[in-house]
Each structure stands twice: as structure tokens, then as C-alpha cells.
Amino acid sequence: MSFVEYGDLIQDGDIAIVYLSHDSMMAVKVQQGAQTQTRYGVIRHSTDLIGQRYGSKVTCSKGGWVHVLHPTPELWTVCLPHRTQILYTTDIATITMMLELKPGSIVCESGTGSGSLSHAILRTIAPTGHLHTVEFHQQRAEKVAEEFKEHRVDHLVTVRNQDVCKDGFGVTGVADAVFLDIPKPWEAVGHAKAAMRKQGGRVCSFSPCIEQVQKTCEALADQGFQEISTLEVLLRVHDVRTVSLPLPDFGPDPSAPARPDTKEQNHASVTLKTTTPPREMPGHTGYLTFATKPRL
Amino acid sequence: MADTGDEDCQYRIKEGDYVVLKRGDIFKAVQIQPRKKVIFEKQWFFLDNAVGHLYSTTFDIGSGGALQPQKLKENESCSDAKEAGTDNRHIVDDGKSQKLTRDDIETLKEQGLKGQEIIQQLIENSSTFRDKTEYAQDKYIKKKKKKYENTVTVLRPTCRILAMMYHGREPGKICHLRYDTLAQMLTLANIHAGSKVLVFETCAGLVLGAVMERMGGFGSVIQMYPGGGPVRAGVESFGFPAHFHDTLHEFPICHVNALLAGTLDTTAKEPSADENQSGVVAEEEQNQREVEPQSMETSTADAVGDDQEKNEKEKRKEAKTQVKKLKLEEKRKKLAAVASLLEARNADGLVIASRFQPCSVLMGLLKFLAPSRPFVVYSQYKEPLIECYTKLREHGGTVNLKLTDSWLRHYQVLPNRTHPLLLMSGGGGYLLSGTTVATDHQKPAGAQRAEEPAPKRLKLTDTEA
RNA sequence: GGCUGGGUACUUCAGAUGGUAGAGUAUCAAAUUUUUAUUCUGAGGGGCCAGGGUUCAAGUCCCUGUUCAGGUG
């Protein structure tokens, strides 16, 4: 198992995703002899997990069952332990495409945060690309480095504990793409430009507030970036449901032929299938500002 | 001075008023009653002290549930040279930064410290507060204020406030009708003073009240209601003056078919079977009343307790039937009056918002509208409105049909911190709106139907030719 | 003992696998007949246990206490 390559069987030391229901799953480190409690009962790693195929249905102690899934960056995003607010899959998908990432891309990122986006980037640029990620909070940098190792992607990533606004990314002239998720991105635009290849590339900045976007766009323009464009993607998830609507009773209709079953109609209702979007969607995450560094 | 005092009078809170309590974004509608305990947001208090104050006054909730008008804070946050960090790189989430324990905080509360003072204590005992950024400090204070400030604002009810209240508090009761959608409805239906509007709703009376507010007590509103009686709990909360209710009429939909067919009987003297029966009942009652004293006497003479009880029972029964009869008569008169209002078939607007399948409601009630009048239908789901749309297109008699939904978004606007808040899209329901037009009575129904797709067919023949 | 999952309406609940703005009881009202009541229909009632800490100036975040349930030794 690795986050960038599928394995068939669950092995000791793997990270497995225990799928309890569509809105509840947990990431589990598989260890010989260990056991995991769920609301359906206990899972014994030695007998229930190790050697089983990913995707298997595992029966728990109390007769309940769960599915055990191979990790992906998307599953990781919904069950990783938060140290910070994280980027979710809708934004990640947009960022990946608009930064034109592909196998072999060299990417610079800051801040690393909880590593939600980092895992998705690594999956996309593997097996030959590299991610340089910079995080100024020491404990957070250490924690995410540990996770990269556990997920067997550490050969694709370099974690640096420094301030990107002051010290940059630790590399220059190499990046195909740069991503900024920091409070004052305009202070890092110069370093972003320096990190990028002279052949040019793409940059993205994520900010919750519109004033941050304004300042960043100004800085990008000052540094000669082109195609500056800010966007926001909103995802609407629909539940499919069967609902029933009662039919109103207008009383006997003299103009219509008398029917013996009018009384039945009084209590009649129609059922229909429809989609019900949640009445409140997840709140605003942030604005995504993209730009192109032109070839010199 | 005296004049301004009088002018103010109508803006002051009075006993018996229907008001709305507000705290943050939470609302609750109540009536002001002496010594009535009100529970709002897990706090209880009395509204007696609010009487006489202006609407929109904010009160502190004192001990014993007494309200005290909040004093206007002048220079609230004295802008001392604030200490603040530049970023959070050195803040570690180890849960040890607050030195006050839960018990300490409980003690402070019991000592009767004001919210502001408790917050000050929390800040002073936080080892990380001064290292937070200016913005993070702001946010921290805002969060604590929400928790510790015990205030309540008393508002005069309006459609805006009640619509927001219901949406937040009891969305199921108003079929999830969101306030932006209600706003569209009132405008699309051209609700204004002096018109005659039909309303069919199962939204606790919110839509009805909203229409009445826009009519300002001029014109007439006819509530078409399903089942045994109209639901108007929400209308109460608007606190309309008495004369508004003179413009409100009601008509049960179970008589719509009869009314449309011209077979609805609302006359008292018609020798219909029903009337005959009630006549007989009346006679019997009269006889019984005459007999009553006698039976009373006999029972006392016999000194049988059971008989006495029986008699009393009968007496109550009779009184009940008598009251019932009067009620029925009144109802009949009202029904006749409203029926004549409807029979003119010249209503100016139609508003439908219900949990029912709207199609038959719409097709039935449209017949009471004059030509060139707007109508609007709300449904929580779009499928029934698609069906309405299709039927109307087939049937003719309407133009300018639109099926819509609206999205609503609130914003936080703060220096350097401006961004959208929650997006509410979908779930706020859907609208079908349109305008009635005169139908061509000379042509048979079949010909009318054929008329609708005619332009398309013409086009086809043109191209073919 | 350590683990997992819950606490919202006056009150009690809400699915062993995609149902937490949904209900039941109770209350009130209309209809009904069998009348200190019955049946049926409808209505009113909702801001999510308490405290703390953290995330960027967006929680789909974390911890503690309390209480209930499951399950493990």
C-alpha cells in the first residue's frame, strides 16, 4: 500500500480506511495484534484485516460489518486528524486542474497545514515529480512529515520548517507550479516567482477574505504575472428521496360524473422521487486566485 | 414636547402587544403578559419591565428574571495600545493556555459578575491571548460575548422578522419557505393595498400575514383553507390592529367545486333536506325547553340523584347544541358572503403555498381571477411545479410563466475580513409565477387547446412549404 | 481500566449500514357519538448537554467534565 499506488492485500503497517457509513469513516494503522472499536463491534487486525483484500466486507464481533478500503487522498481528506482548517476535495480538484499538475510536475506549497492538499498533489505528480512544502509552525511540520513517511510518499516530498514570506521555498528556478495558503500571500509572491522555472508556470493563492485577494492580485500584476483570475467553486450534494404530497379535497364535483370512490380520493396523495439539497451548504471556504508566470 | 410624546406612543411597548425577542440571530415571538415567565435561549425572564420602552430596545437580563434597559456604551473598547502578535507560528494547542478552571468560571458567574467582566477575566488568565493576531483577538472576544452577554432585544413584529424566525425555528411548519422566496412571492403577486387577493397556504399563517401586511388593511384577503378550519397562528404574531381582520375572509376548499358549478347552497330558506332537518331540530329544542322545568320538579320530588345528574347532562347538551346551531348559522352567513365575493370571479391575485400537490389547487382557484392578474405558487419541490407548468401550457389562459428558485447568501463585512457566510441554495423551495389572460369563449375548449402549439406548427408548415 | 457512539421541542425518542427540522406521549382546537369520555383530523411547541482550547482574517477541528448506550479486557 502507498498513497500513490494501489496494493491488493492489507498488510501489517498499512493505513486502511474503515468505512462505517457514507458520512463516517476512520483511518486505521494496521498492526499485528491490535484491535479497533467501532459502533458495530470490534475489528481484530490480525484476523480481520491482515491478508484480506482491500474492499473486503469485514464482520465485526457483534455481527455488524464494515468495508475496509484502500487509502486515497480523497478518503484521507475526510478522515485525517485536523491540526488546522483543511482544503476539501472540491477546491483540491479545481486547484489541481488550474495549476496544470501532472506526473513529473515540480510543485511548491505553503503552508502545509494538515497536509490535505499535499497528499492530492503527491498522488498527481508521482512517480517522478516532487513537492517542496513549507510550514512555519514546527509541530505541524514535524507531524505532516511523519504522515508522509507512514503513507510511503516521503520520497516525493521535502518538508521545510521556515517562513515562506521571509525565506521562500528553499529552492529557486525549479517549480512548474506554486500554491499559497497563507494569511498574507502578497508577501510571498516574490518568492513564488523566484521558485518557478524560467520557462514559466502557474501559481495559485487561496484566501478566505476578498481584501486578501485584492492585495494578492495587485502583487501578482506588479511581478509581471498574467492571466490573473479569481474564482470560487461551490458543490451541491443532493439526496434522492421519495416524498408524498397530499391531494386537496374540493368536494364533490357536480360537473364530473359521480364516482363511487370519491371518498378514497379525499385521503389520496401522490408520491414522487425528488432530490433535496441540504438547506445549508458548507460555508465559504475561500477564493482561488490563479495566474501564469510567462516564459522569459 | 407633548406632541412628540404622543407620536412616540405608538412606538412604545404595551401590555398585550405581540412582540419578537431577538438575541444574535435567534428570534422568538411572544405576547407581553403581566408576570408571565418567558423562556428564551435557555434563560427565563419577565417582560413586565419592557412595557413603556421603545421598540428595539435591548435589555440586560438581571437576577430574578427582571429586564433592565441596557445603557448606551460610549467608548466601549478603550483603544489602549493593544498588544497583538503577527502570526500563530509559536502558539501551541496544548489546552494549557487558560488558567481558570471550569469551577473558577462557575464561581465568577455565581458572584454575579457581568458578562463583560468575565470575559476580561478570561483574557487576563489566558497565556496566549496577547500573542494572537489582532483579528484572532477580535474573534475570541466576539465568541465569548455570545456566550456570556445576557441580553435580549424586543422588536415589533414584521413580515421580515417573522419569516426569518420561522425559517430558523420551525422550517417544517412553513414548508421550508425561505424568506427570500417569500419576498419574491409578495412582489410577483403584486400584493398591494386595495386589491382582492386569494391565499391558499399551509405555512402556519405566515404567508397570509405577509399578504395582509402588504395590503395595510385596505382591500380584501380571502383565505382558502383545507380541512375543518383555517390555520392562523402565525397571523396572530403580526399583531395587526383590529380593523385588519375585517378585511380577512375565509372559504373552505371542500366547497370550491360546488361553487364553481353553481350548486353551492348558501341560502337559509331553501327547502333543502339539510335545512328541513335543522328546522326540525329547532322545534324539538323548543319543546324540550318548555318541558325542562317540569322534569326538574319531578326529579327533585323523587329525590333521585341520578335523575338530577341526567337532567343536568341534558341541559348541558342542549346548551351545547344551541351554541352549535348559532355558530352554524353564523358560519353559513359568512360562507354566503364570501361565496358572493368569489363568484364575481374578479380577484386581483392568487398566492398558493402549501404542502399539497399544487396542481389541482392552482387550476381550480385560477378560475376566480380576473384576466390580466398575477399569480404565484410555492412548492418545496420542483416536480409538482413542472406539472403545473405543463398543465397551464396545455390549458391556456395564462402567460408569462416562470419557474424559479433563489439562492441566498449573507456576508461578513469587517475591515480586511470580508467574505461570504453560508450559502443557502435549494431547500428554500421553488416558485411558479404567471399572469392570467382572457380566454376566447367563442371557441370550444378543444379549439383552445389546439391554439397553444399553433405557432410552432405554423413554422413547420412554413418551412415545409 | 482503556475503546466506540450518542445528549436539541414541556417530556421521551429517532433505524445493523446513504432518514436528526422527523416523530410519539402529553396539551389545545375542530369534527363525530358512544359525553366526567371515545374515535378521528388538525394545530401549537425546535437554534442542537456544559466548559475550555485551537484553525488565517472559512470548521466538516480537538480536549475536559457530565450523562446515557454499545462493546472490549
Side-chain angles (χ1 to χ4, degrees), chain A residues 19-24 26 35-42 44 57 60-67 77-88 111 113-114 137 140 181-185 206-212 239-241 267 276 279 282-287, chain B residues 23-28 39 41-42 87-88 91-98 100-106 122 126 128 132-136 138-140 147 167-173 176 202 204-205 226-229 231-234 236 309 313 316-317 320 412 414-422 427:
Chain A
Y19 181 99
L20 299 157
S21 79
H22 71 114
D23 60 354
S24 145
M26 54 206 289
Q35 54 187 40
T36 300
Q37 285 285 348
T38 76
R39 67 161 172 278
Y40 302 118
V42 75
R44 289 166 221 275
K57 185 191 265 193
C60 303
S61 59
K62 202 58 186 177
W65 46 267
V66 297
H67 285 285
T77 288
V78 298
C79 55
L80 65 84
H82 289 38
R83 283 83 71 181
T84 62
Q85 178 65 278
I86 64 166
L87 280 165
Y88 291 95
S114 302
H137 193 280
R140 291 206 281 263
D181 182 1
I182 54 174
K184 295 176 181 172
F206 174 93
S207 295
C209 305
I210 199 67
E211 293 88 347
Q212 295 171 295
D239 280 343
V240 177
R241 247 181 233 188
H267 301 287
T276 59
R279 50 187 214 118
H284 169 71
T285 57
Y287 300 104
Chain B
R23 192 165 139 196
D25 297 322
I26 316 289
F27 300 90
K28 181 172 181 148
I39 299 172
E41 287 289 281
K42 290 175 185 166
D87 57 55
N88 66 16
I91 291 180
V92 182
D93 184 8
D94 57 3
K96 290 175 185 162
S97 56
Q98 180 55 253
L100 293 181
T101 64
R102 175 211 317 285
D103 288 345
D104 293 339
I105 294 165
E106 286 297 321
L122 283 169
S126 164
T128 49
K132 290 178 194 281
T133 65
E134 179 194 340
Y135 302 138
D138 266 9
K139 194 169 175 177
Y140 181 89
K147 186 166 279 185
H167 178 260
R169 190 169 268 263
E170 305 265 20
K173 296 270 151 63
H176 293 82
T202 57
V231 172
R232 289 180 184 163
E236 287 265 287
E309 267 182 35
K313 259 189 204 170
R316 257 182 280 144
K317 205 170 164 183
K320 229 178 180 178
Q412 166 179 291
L414 287 172
N416 293 322
R417 282 157 289 170
T418 299
H419 63 75
L421 298 171
L422 292 182

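Any value given below was found using the heavy atoms of this structure, including those in side chains, with hydrogens, waters and symmetry copies removed. Letters A, B, ... mirror the listed sequences (proteins, then strands); counts begin at 1.
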field: Separation of the P atoms in C:rC13 and C:rU72, to the nearest angstrom
entry: 25 Å
query: Given the P atoms of C:rG65 and C:rU4, what is the spacing between them in whole Å?
result: 14 Å
- request: Could you tell me the separation between the CZ atom of B:R102 and the P atom of C:rU64, rounded to a whole number of Å?
  value: 12 Å
query: For C:rA31, is chi within 90° of 0 (syn) or not (anti)?
result: anti
Interatomic distance at P, C:rA37 relative to C:rA29, whole Å: 12 Å
- prompt: With rounding to whole Å, what would you report as the distance between C:rU55 and C:rC61 at their C1' atoms?
  reply: 8 Å
message: Once you apply a heavy-atom cut-off of 4.0 Å, does A:I86 come out as touching a base, just sugar-phosphate, or nothing?
response: base
query: Under 4.0 Å between a side-chain N or O of B:K139 and OP1 or OP2 of C:rU55?
result: no
message: Heavy atoms from C-beta onward define the side chain here; which of C:rG22, C:rG53, C:rA57 lies closest to that of A:C209?
response: C:rA57
- prompt: Any idea if C:rA16 is syn or anti, going by the 90°-from-0 cut?
  reply: syn
query: Between A:H284 and A:Y19, which has a closest nucleotide on RNA chain C that is more 5'?
result: A:Y19
field: Whole-Å gap separating C1' (C:rA57) and NZ (A:K184)
entry: 11 Å
- prompt: Where the side chain of B:R169 is defined as all heavy atoms beyond and including C-beta, which of C:rG52, C:rG5, C:rG46 is the nearest nucleotide?
  reply: C:rG46
- prompt: Taking CD from A:Q37 and C1' from C:rG71, how many angstroms apart are they, rounded to a whole number?
  reply: 5 Å
- line: note: A:Q85, atom CD; C:rU55, atom P; distance rounded to Å ~ 12 Å
- prompt: At their closest point, which heavy atom of A:Y40 faces which heavy atom of A:W65, and how far apart are they?
  reply: CD1-O, 4.0 Å
field: Shortest non-hydrogen contact from B:R169 toward B:P171
entry: C-CD, 3.5 Å
- line: Quick note, A:T84 side chain, CB onward, closest among C:rG53, C:rU72, C:rU55 is C:rU55
- prompt: Do the side chains of B:L414 and B:Y135 get nearer than 4.5 Å, heavy atoms only?
  reply: no
- prompt: Taking the same atom, C1', in C:rG19 and in C:rA26, what whole-Å distance lies between them?
  reply: 25 Å
- request: Compare the minimum distances between each of C:rA57, C:rG46, C:rG5 and the side chain of B:E170, then state the nucleotide with the smallest one.
  value: C:rG46
- prompt: On a whole-Å scale, what distance lies between the C1' atoms belonging to C:rG2 and C:rU60?
  reply: 28 Å
- line: In Watson-Crick or G-U wobble terms, with both distances under 3.5 Å, the base opposite C:rC61 is C:rG53
Assigned glycosidic conformation for C:rA21 [threshold 90° from 0]: syn
- request: Apply side-chain contact (heavy atoms from CB on, under 4.5 Å) to the pair A:T84 and A:H137, showing each step before the final yes or no.
  value: CA-CA 11 Å; A:T84 62; A:H137 193 280; over 6 Å; no
message: Starting the side chain at C-beta, find the nucleotide from C:rA57, C:rU4, C:rA43 nearest to B:Q412.
response: C:rA57
message: If I compare all heavy atoms of B:R417 with all of A:E211, which pair ends up nearest, and what's the gap?
response: N-OE1, 3.5 Å
field: Stacked pair B:Y135-C:rC56, distance under 5.5 Å, angle under 30°
entry: no
message: Among C:rA57, C:rG18, C:rG53, which nucleotide has an atom closest to any side-chain atom of A:H22?
response: C:rG18
query: Rounded to whole angstroms, how far apart are CD on B:Q98 and P on C:rA50?
result: 19 Å
Interatomic distance at C1', C:rA69 relative to C:rU54, whole Å: 30 Å
message: So for A:D181 and C:rC56, does any side-chain atom that can act as donor or acceptor lie under 3.5 Å from a complementary atom in the base?
response: yes
field: Listed nucleotide nearest any side-chain atom of A:H82, set C:rG51, C:rU72, C:rG59
entry: C:rG59
message: What's the closest nucleotide to the side chain of B:A204 if the choices are C:rG44, C:rA57, C:rG53?
response: C:rG44
query: Looking at A:R140, does any N or O in its side chain come under 4.0 Å of the phosphate oxygens OP1/OP2 on C:rC56?
result: yes
field: Short side-chain N/O contact to C:rC56 OP1/OP2 from B:N88, under 4.0 Å
entry: yes
message: Looking only at the side chain of A:S61 (C-beta and beyond, no hydrogens), which of the listed nucleotides C:rA50, C:rG71, C:rG53 gets closest?
response: C:rG71
- prompt: So, is C:rU27 syn or anti if syn means the angle is within 90° of 0?
  reply: anti
query: What is the glycosidic conformation of C:rG65: syn, defined as within 90° of 0, or anti?
result: anti
message: Restricting to non-hydrogen atoms, name the atom on A:L87 and the atom on A:T77 that form the minimum distance, rounded to 0.1 Å.
response: O-CG2, 3.7 Å
query: Across all strands, who's sitting opposite C:rG5 as a Watson-Crick or G-U wobble pair, both distances under 3.5 Å?
result: C:rC68
- prompt: Between B:E106 and A:T285, who's closer to the 5' end of RNA chain C by nearest nucleotide?
  reply: B:E106
field: Phosphate OP1/OP2 of C:rC3: any A:Q35 side-chain N/O under 4.0 Å
entry: no
task: Verify the contact: side-chain N or O of B:K28 to OP1 or OP2 of C:rG45, cut-off strictly under 4.0 Å; return yes or no.
output: no
query: Which whole-number value in Å describes the distance from B:K42 NZ to C:rG51 C1'?
result: 13 Å
message: Looking at B:T418 and A:I210, would you say the former's side chain and the latter's main chain have a donor-acceptor pair under 3.5 Å?
response: no
- prompt: Are OP1 or OP2 of C:rG53 and a side-chain N or O of B:Y140 less than 4.0 angstrom apart?
  reply: yes
task: In whole angstrom, give the distance that lies between atom CG of B:D104 and atom P of C:rG51.
output: 15 Å
- prompt: Which part of the nucleic acid, if any, lies within reach of A:H67 when heavy atoms closer than 4.0 Å are counted: base, sugar-phosphate only, or nothing?
  reply: nothing
query: Could you state the OH-P distance from A:Y287 to C:rA58, rounded to the nearest angstrom?
result: 12 Å
message: Can you tell me which nucleotide in C:rA57, C:rC61, C:rG45 comes closest to the side chain of B:K173?
response: C:rG45
message: Measuring only between side-chain heavy atoms, which start at C-beta, is A:Q85 closer than 4.5 Å to A:P208?
response: no
task: Determine the interatomic distance between P on C:rU41 and the same-named atom on C:rU32; round to the nearest Å.
output: 16 Å
field: B:D25 atom CG: more than 12 heavy-atom contacts under 6.0 Å
entry: no
